[in-house]
Amino acid sequence: MELSPDQITIVELGPVTLNATLVFTWLVMGILAGGSWLITRNLSTGTEISRWQNLLEAIVTTIRDQIRAITGQDPSDYLPFIGTLFLFISLANLLSVVPGYEPPTGSLSTTAALTACVFVAVPLYGVAKRGFFGYLKNYIEPTPFMLPFNLVSEISRTVALAIRLFGNIMSGRILVGIMLSIIPLLLPTVLQVLELIVGQIQAYIFATLATVYIASGTSETAA
Amino acid sequence: MQIDWFTFGAQIVNFLILVALLRMFLYKPIVNAMNEREQKIASRLEDAQRKQEEAAAEVEDFRSKQRELDQQRDELLAAARDQADEQRQELIEQARGDVADMRSDWQRAVQREKETFLRRLRTRVSSEVFAVARRALWDLADTELQEQLVDRFAHEIKTLDDEQCTAMLRDADQAIEVHSAFGLSDAQRERVEGIVREQFGQSTRLDFATDSDLICGLALVTGSCQIGWNIHDYLHTLHEHLEAFLAEQALSEPEEVVGRAR
Amino acid sequence: MEVDAAKAIGAGLAMIGVIGPGIGIGVLVQGALNAIGRNPEASGQITTNMILGIAFAEAVAIYALVVSLIILFVL
């Protein structure tokens, strides 16, 4: 039993090995990008809108409201990054109901990559909002003695972010696998449903924590 | 459980590509569409607001016009009422005038009637009294009465005061006429002449005439004055008293009649 | 053979770390239910925050599970 979809090889092209993580990531990306392209191809600005457009608008509006509620700032700058994080993780977890699908978020490589993006995005947004020194001042607040603690917390929270998402999804996968080998009837289905809920919650938590980290890097009063 | 570093890098690239794709295909168009719709709705709301304001203004305008019309109507009605009142007043005045005219006409008619009646009564009474007196006196009148009349006349003349005498004499440039009901005898004539001359002077010329209107008695007549004693004078006095009494009655009578007519 | 036994023992011991999150989740739900009982109108927001808190607490249990699995399958 493979713990990670990284170890499942789909195609081998010479020296490059395309594992299941990459393939399913592309699938999720394709669905997201293609779906939004199809829907936004002909948007109406009147009062009559298609239900797909309505769905997308609801999603985007909700994400914007959430970002605004957490950061207290204009969500326009953060929307593409945070929104994409949430949509990608959410859809990747959601598709696990499809047989044969391995969620890419169950791979530590994927979650590490996402958290690395967050880890880089926090100082980028902070510098863009407050200037280089304004952002660096974050690390010596409230006192310069806090600098090592701030640095450790910065790294540990990133690692924790990656492990949390990976562990939840992976444990869910393994739990369902173990249950399938013990009680093959009904119970795995219930667990699958539970894992779907957990996957959505984790997507929400991941996006929310990323927003909180970015907000703490951009706002003056953040600790 | 290790991280596959190739996959790690590929996932970072994948994620960045996805961010770019979704930014291009999802967030921008959706946000733009929403903003556009919001603007449209805002403009539509503004439109509605403006239209409502216009409608309100029109309603206000209409109301003021209606108020104006009401006011005009009220004014017209008041004017008409005033006019009607005036007309009625005029009519009443006219009617009162008519009534007053009629009353005065009636009063005049009554007056006229009364006067006619009185005149007739007077004439009748006078004539009756005359007739009665005349008959009585005719029956009584004889020379002895004539004698007494002359005596009486003499007494009258003698008791004339000076004022009457001078008034008599002022007109006495012509002859003084002595009227009598019967022809006087010569002795009587002389006596009368004597009395008159004694009173007015010896040069006075006397003309004697018979006037049966006097019924009995004598009268001295100059141009305008008449002095003497005769039944006619008495009757004349009676006549005047009677007329005065009747006139007094007639004055109080019409009021009563008119009061009853109203 | 001894190595496998040691792995099993280690994995089992690693799962002791689940005790803490279990207690934590219990306390969390208790607090949330108390809050809902006092102010039922805010139940929606309280539930959302409760699930978030549970997810955070559960993450610790997941760490223990991950460690346990790593001991069992990777080492």
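Lettering of chains follows the sequences in order, A, B, ..., and the numbering in each one begins at 1.
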Need one label for [X]: side chain, backbone, both or neither, based on atoms under 4.5 Å from any heavy atom in chain B.
X: Arg41(A); result: neither
X: Leu38(A); result: neither
X: Ala116(A); result: side chain

Please output the residues of [range] in contact with chain A, using a heavy-atom cutoff of under 4.5 Å, in numerical order.
range: residues 21-28 of chain B; result: Leu21(B), Leu22(B), Arg23(B), Phe25(B), Leu26(B), Tyr27(B)
range: residues 67-87 of chain B; result: none
range: residues 38-47 of chain B; result: Lys40(B), Arg44(B)

Discussion item. Can you tell me which of Asn14(B), Ile12(B), Asp4(B), Val19(B) forms the most heavy-atom pairs within a distance under 4.5 Å of chain A?
Written reply: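 Highest number of pairs under 4.5 Å: Asn14(B).
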Discussion item. Less than 4.5 Å to any heavy atom of chain A: does that hold for the side chain of Val31(B), its backbone, both, or neither?
Written reply: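 Looking at Val31(B), just its side chain touches chain A.
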Rounded distance [0.5 Å steps], [atom1] in [X] versus [atom2] in [Y]:
X: Ile17(B); Y: Met29(A); atom1: CD1; atom2: CE; result: 5.0 Å
X: Phe8(B); Y: Ser109(A); atom1: CZ; atom2: OG; result: 8.5 Å
X: Gln11(B); Y: Leu108(A); atom1: CD; atom2: CG; result: 11.5 Å
X: Ile59(A); Y: Ile30(B); atom1: CD1; atom2: CD1; result: 9.0 Å

Practice prompt. Compare all side-chain heavy atoms of Arg37(B) with those of Glu57(A) and state whether any distance is below 4.5 angstrom.
Written response: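 Arg37(B) reaches Glu57(A) side chain to side chain.
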Item to complete: Count the heavy-atom pairs under 4.5 Å between each of Ile63(A), Leu22(A), Leu18(A) and chain B, then report the option with the highest count.
Response: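 Between Ile63(A), Leu22(A), Leu18(A), the count favours Leu22(A).
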Item to complete: Enumerate by number any residue of residues 80-93 of chain A whose heavy atoms lie under 4.5 Å from heavy atoms of chain B; in the absence of such residues, state 'none'.
Response: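 Under the 4.5 Å heavy-atom cut-off, Pro80(A), Phe81(A), Gly83(A), Thr84(A), Leu85(A), Leu87(A), Phe88(A) qualify.
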